[in-house]
Amino acid sequence: MALQTRQLAWFHFQFRIPAEWEVTAYSIDDLAGRLEFSTRKGFQARVRWEACRQTPDIQTTMLTFLRQNMPDAESQSPAAAMNINTKNAGIFLMGHLGENAPCQAVAYLEQPKILLHWAFGPYDERAAEDVWMPILQSFQPNDGEIIRYAIYGMDFQLPNSYQLEDMKVLPANVMMAFESSNKAQATFRRWGMPDLLLQERSLEVFFPWFLRTQGCRIENVEKSVVSGMEAVKISYEKRGEHQMDRFIGRPWKNGKAWLWHDRDEMRVYAFEQIAPPKRPLLKMTDVFPHFRTGT
Amino acid sequence: MKRRGLEFGQQLSSVPMRNEKVKVCPSADGKSLELEIGLRHEGFMLLMHRLFKLRDRKQYSLDAVGRQVYESIDGQKSFEQLIDEFAERHKLTFFESRALLTQYIKTLMTRGLVVVAVKKP
């Protein structure tokens with residue numbers, strides 16, 4: 001039976017990972033960081049990325065990792081790198097020293113000059129064939145003009161001028177905030193347990209209340225539909241956050257926010273964006289290409 | 001000696017149990033739950049209790065989620081089973097459900113409403 005997978009998209013990469021893997025640690029720096037994956041059985045894998053100006057020697061990179069993670073490998077000479085069993089999986093070179101050593105896979109992305117490094121558990125032929133290789137082979141680059149973010153149940157895309165500024169991951173409550181080079185802000189939220197979140201309030205009551213708690217002034221509330229889901233669309237203004245706008249308290253008046261309730265998934269999603277005067281906002285369909293909106 | 005936390009597997013196989021001495025009374029709105037527990041004073045506090053007739057019972061009110069968690073604890077189900085049950089009920093992931101339940105059960109333990117039985121490794 002084929003393994004159920006889901007999309008993962010983060011800085012520089014996109015993979016299909018097993019559906020039961022959950023991200024249990026993350027970094028928000030696009031130059032160096034890691035994501036860790038676990039299931040109820042424990043740690044499954046870690047993918048690490050780091051800026052690297054030149055193409056590194058992959059086998060030396062693998063030996064360095066083994067030296068850092070295995071007491072037995074600490075004293076091994078550079079020649080031991082030749083003992084690492086390797087095979088290709090897509091753009092990755094997968095390598096291991098035997099059944100007691102962790103399996104790893106390394107690839108260098110020429111265009112963003114990023115080294116990607118996967119570390120899995122101890123080498124196991126079956127896990128390698130059924131799980132690890134398909135992950136590595138599913139690699140897609142994520143460094144174009146449009147960057148996709150698919151993590152913690154969220155899935156959207158943004159122009160590469162938007163940088164991740166803040167991220168909070170709590171149980172059933174995820175928030176990611178981006179800011180573009182022209183100071184436009186885009187914030188994404190995903191909540192679970194909608195009954196407890198909404199507490200019998202309609203979306204038209206809950207969302208304006210929530211935005212007010214974020215310092216927004218509500219201009220207009222409109223019932224809407226997002227891909228067949230009950231939704232609400234709000235226009236709002238907020239005190240400017242940069243330079244003179246902040247100093248003199250001039251509001252940015254072009255705020256647009258959407259909130260929709262996915263009843264099948266039992267999740268509530270929100271997308272808010274605002275920009276300094278005369279700066280364009282993103283279109284909903286550019287951020288969520290598969291969504292259809294209407295009233 | 002420094003107390004070590006539970007390992008992941010040990011935590012999942014542990015069994016939360018209700019304190020049998022807790023008096024349970026549903027609240028008027030039917031959503032939350034009122035719990036009443038006797039206080040045990042020792043040492044200096046026992047003296048203060050006798051001198052000033054301090055209260056000997058304490059009441060706690062659990063919100064809707066706290067009530068669900070408390071009511072699902074039956075002394076039979078392991079922490080892992082409770083996590084799965086809670087995750088299915090609210091369509092949460094395993095780790096979301098685990099994080100929420102851990103927090104709730106920790107609070108219930110601090111209040112003396114629940115104890116957790118852990119198997120020796």
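Quick caveat, the model's predicted, so the values are computed rather than measured. A, B, ... follow the sequence lines: proteins, then strands. Residue 1 opens every chain. Below, each value reflects all heavy atoms present in this structure, side chains not excepted, and no hydrogens, waters or symmetry copies.
Rounding to the nearest 0.5 Å places OG1 of B:Thr93 at 9.5 Å from OH of A:Tyr152. Here the straight-line distance linking atom CZ of B:Arg89 with atom CG of A:Asp195 works out to 10.0 Å at 0.5 Å rounding.
Closest of all the heavy-atom pairs between B:Glu96 and A:Pro171 is O-CB, 3.6 Å. When all heavy atoms of A:Arg40 and B:Glu80 are compared, the pair lying nearest together is NH1-OE2, 3.0 Å. Pairing each heavy atom of A:Thr39 with each of B:Phe95, the nearest pair is O-CZ, 3.4 Å.
Ranked by non-hydrogen atom pairs under 4.5 Å with chain A, the options B:Leu12, B:Ile83, B:Leu92, B:Asp63 are led by B:Leu92.
Contacts of B:Phe8 with chain A are made by side-chain atoms alone, with heavy-atom separations under 4.5 Å and no backbone atom involved. Looking at A:Glu20, neither its backbone nor its side chain comes within 4.5 Å of chain B, counting heavy atoms on both sides. For a residue to count as touching a neighbouring chain, one of its non-hydrogen atoms must lie under 4.5 Å from one of that chain's; by this rule B:Arg98 does not touch chain A.
In B:Arg50, the CZ atom is not crowded: 12 or fewer heavy atoms of neighbouring residues, nucleotides or ligands sit closer than 6.0 Å. Counted within 6.0 Å of CD on A:Glu200, heavy atoms from surrounding residues, nucleotides or ligands total 12 or fewer; the atom is thus considered open.
The main-chain N or O of B:Phe94 is found under 3.5 Å from a side-chain atom of A:Glu22 such that the two form a donor-acceptor pair.
With B:Lys91 as the fixed residue, the side-chain contact (heavy atoms from CB on, under 4.5 Å) test singles out one of A:Glu265, A:Met266, A:Met193: A:Met266.
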